[in-house]
Amino acid sequence: MSHTASNPAPFRPFEGQIDRSAAESLLKRTLDGADDGELFLERRRFEALGWDDGRLKTASYDAAEGFGLRAVKGETSGYAHSTEITEAAMARAAETARLAVGDGGGTLALGPKPTNRRLYTDRDPLTDAEFGVRIETLAEIDAYARARDPRVVQVSASLVASMQEVEILRPDGLLVRDARPMTRLNVSVIVEDGGRRESGSHGAGGRTSLLGLIEPAHWQAAVDEALRIAVVNLGAESAPAGIMDVALGAGWPGILLHEAVGHGLEGDFNRKKTSAFAGLMGQQVAAKGVTVLDDGTIPDRRGSISVDDEGTPSGRNVLIEDGVLVGYMQDRQNARLMGVEPTGNGRRESYAHTPMPRMTNTYMLAGDADPDAIVADLKDGIYAVGFGGGQVDITNGKFVFSCTEAYRVKNGKVGAPVKGATLIGDGPTALKQIRAIGNDMKLDPGIGNCGKGGQWVPVGVGQPTLLIGGLTVGGSSA
């Protein structure tokens, strides 16, 4: 079978859809007397294949393009967008965006410094693997999972690929361009034994080709991990409840750090003083040894971006250093209002959305403790290595997370798996109660999505094994 789509020409709106000099002139008029703004143009293509119940259940393809025009004056943003990339549509958008400028009087901020850095492949993931090969891979995943364990009663798998191409025209005439591939493989299995059913899932991906994900060695490892989690949960007991010490595994458990701490370190929440970390710059906010970074510059990672959605090159930004708060994540507007430099964290879901400060890949650096020794030091608590959903209140940092894989630990011995465990606490307190930091920092496998203000963007998380004292564990047994 042929490709799902032929390799399209690169997205070049100024080479056929609209005259660049006319767009520059319109942008300058719109931003006369403003503090900042830009013209953001985008084309996005997305394909997803879903396998369930022994057959291909869904196959979807979507393509969209459009522009967003923004004018910023002080704390006010005027924004208009359209699916039509034409001079007429931009002229109408300019009238709306211009309302934010009012009588003017602003001083246009200096634009970002250009970069030629590129952090991901040039391959188009929607066309780099034959459609038939992708379906065949999903069928092989199903067959492999069922052959691995006779208790498998259901297998679900999906392959997703997308390409986002953006062009950002700045009022100084600078044109910033980025082509952002994304791929992801997800596998879920359900096992049944003695009338009890449990599930396990595993996913992986990044800004890479699909070819690596459909290699047998890769997808077999994903199936094995999903199956391992499901089988572990077959033997799980009810989780205990109470205040206890908790060991967190390396990698994906960094989602707790992302939610409970990361959002609170975004510039807009701190400028508006709605974050639990507002006003604490330069103060000790975490235990000694805790260093947290947001780094959009790691090649091929899901949360990485060569440039953000305002044209600023992404950065390796230290947020907490040895327990001391040293930085926030900034877009251009909040950075200007707070008197600091943008950090390359101005992100938006699409051309239909305004940028705001968002995380990229947020992680804690490794310490020097042996991970096995951390668990062995746990007298009575939980060892949590997998997480599902979580919620956080930015104003006080309070969080609730559900564990998908966790174990009871007594006197340093890892015991039975537990199910139904939730971790409850608040970010600022949890940071100060970190008692040990492992030497095994790792990043998640490439599955994170982050929601904020109704917008979703891909992100990465990571951490070493940690021991945190005095978290509340919600469970069903005392």
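Residue numbers start at 1 and run along the sequence shown.
We find that R347 and E310 are not joined by a salt bridge, their nearest charged nitrogen and carboxylate oxygen being 4.0 Å or further apart. The pair K288-D322 meets the salt-bridge criterion, with a side-chain N (NZ, NE, NH1 or NH2) lying under 4.0 Å from an Asp/Glu carboxylate O. Salt bridge status for D426 with K432: absent, with no side-chain N to carboxylate O gap under 4.0 Å.
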**Q.** Step-by-step side-chain hydrogen bond (donor to acceptor under 3.5 Å, both in side chains) determination, D178 to Y120
**A.** CA-CA 10 Å; D178 198 15; Y120 16 84; 2.6 Å; yes
Q: Go through the steps to decide whether R134 and E130 satisfy the test salt bridge (charged side-chain N to carboxylate O under 4.0 Å, His left out), and finish with yes or no.
A: CA-CA 6 Å; R134 283 183 252 185; E130 294 282 344; over 6 Å; no
Q. Step by step, would you call D331 with E266 a side-chain contact (heavy atoms from CB on, under 4.5 Å)?
A. CA-CA 9 Å; D331 63 351; E266 290 167 338; over 6 Å; no
Q | E65 and Q17: CA distance, side-chain angles, deciding distance, side-chain hydrogen bond (donor to acceptor under 3.5 Å, both in side chains) verdict | A | CA-CA 12 Å; E65 66 177 40; Q17 290 169 280; 2.8 Å; yes
Q: Would you check, one step at a time, whether the test side-chain contact (heavy atoms from CB on, under 4.5 Å) holds for V166 with L41?
A: CA-CA 6 Å; V166 304; L41 305 107; over 6 Å; no
Q.
Between D36 and R332, is the salt bridge (charged side-chain N to carboxylate O under 4.0 Å, His left out) condition met? List the steps.
A. CA-CA 8 Å; D36 206 356; R332 287 176 58 85; 2.6 Å; yes
Q: Applying side-chain contact (heavy atoms from CB on, under 4.5 Å), run through L423 and L256 and close with a yes or a no.
A: CA-CA 9 Å; L423 301 186; L256 192 150; 4.2 Å; yes
(Q) Walk me through whether I141 and V187 qualify under side-chain contact (heavy atoms from CB on, under 4.5 Å). (A) CA-CA 8 Å; I141 286 172; V187 179; 4.2 Å; yes
Q | Full working for side-chain hydrogen bond (donor to acceptor under 3.5 Å, both in side chains) between R301 and N361 | A | CA-CA 8 Å; R301 298 299 305 184; N361 304 295; 4.9 Å; no
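Separation of atoms OG (S209) and CG (D122) is listed at 12.0 Å; rounding is to 0.5 Å. Atoms CZ and NE2, from F40 and H353 in turn, are 11.0 Å apart once rounded to the nearest 0.5 Å.
A donor-acceptor pair is defined here as one N or O able to donate and one able to accept, closer than 3.5 Å; no such pair exists between the side chain of R336 and the backbone of P342. Side-chain atoms of D444 come within 3.5 Å of backbone atoms of I447 as a donor-acceptor pair (strictly under, hydrogens ignored). No donor-acceptor pair under 3.5 Å is formed between the side chain of R184 and the backbone N or O of A161. Between the side chain of S304 and the main chain of I298, a donor-acceptor pair closer than 3.5 Å is present. When atom types are taken as modelled, the side chain of D309 and the backbone of R348 share a donor-acceptor pair closer than 3.5 angstrom. Proximity of a side-chain donor or acceptor of T83 to a complementary backbone N or O of G66 within less than 3.5 Å is not detected. With hydrogens and angles disregarded, a donor-acceptor distance shorter than 3.5 Å links the side chain of R98 to the backbone of T30. For D52 (side chain) and K57 (main-chain N/O), no donor-acceptor pair under 3.5 Å exists by modelled atom type. A donor-acceptor pair under 3.5 Å is formed between the side chain of T404 and the backbone N or O of F387. Formation of a donor-acceptor pair under 3.5 Å by the D294 side chain with backbone atoms of M359 is not found in this model.
Between P313 and P112, the shortest heavy-atom contact is CD-CB, 4.3 Å. Between I18 and A23 the shortest heavy-atom distance is CD1-CB, 4.3 Å. Of all heavy-atom pairs spanning P181 and R123, the tightest one is CB-O, 4.1 Å. The two residues S201 and I229 come nearest to each other via the heavy atoms O-CD1, 3.6 Å.
Side-chain contact check for S82 and R92: no donor-acceptor pair (N or O, by modelled atom type) lies under 3.5 Å. Side-chain contact of S25 with R29: a donor-acceptor pair under 3.5 Å is present, judged by distance alone. If you check the side chains of Q330 and E341, you find no donor sitting under 3.5 Å from an acceptor. Under 3.5 Å, the side chains of N186 and S158 contain no donor-acceptor pair of N or O atoms. In this structure, a donor-acceptor pair under 3.5 Å is present between the side chains of R271 and N334. For the residue pair T297/S314, the side-chain donor-acceptor check at 3.5 Å is not satisfied.
Counting non-hydrogen atoms of neighbouring residues, nucleotides and ligands closer than 6.0 angstrom, the NZ atom of K442 reaches no more than 12 such neighbours. For E87, the CD atom is densely surrounded, since the number of other residues' heavy atoms within 6.0 Å is greater than 12. Within 6.0 Å of CG on D53 lie more than 12 heavy atoms contributed by other residues, nucleotides or ligands. Other residues, nucleotides and ligands contribute more than 12 heavy atoms inside 6.0 Å of the CG atom of N449. Remark: L110 CG is loosely packed, at most 12 non-hydrogen atoms of other residues, nucleotides or ligands lying under 6.0 Å away.
Looking at V473 and V246, their side chains come closer than 4.5 Å, going by heavy atoms from C-beta outward. Inter-residue side-chain proximity for V176 and L169 is flagged as unmet; no heavy-atom pair is nearer than 4.5 Å. At least one side-chain heavy atom of E140 sits less than 4.5 Å from a side-chain heavy atom of W219. With contacts defined as side-chain heavy-atom distances shorter than 4.5 Å, the pair L319/L293 does not qualify.
Taking the six-membered ring wherever Trp is involved, the centroid distance between the rings of H258 and H263 falls below 6.0 Å.
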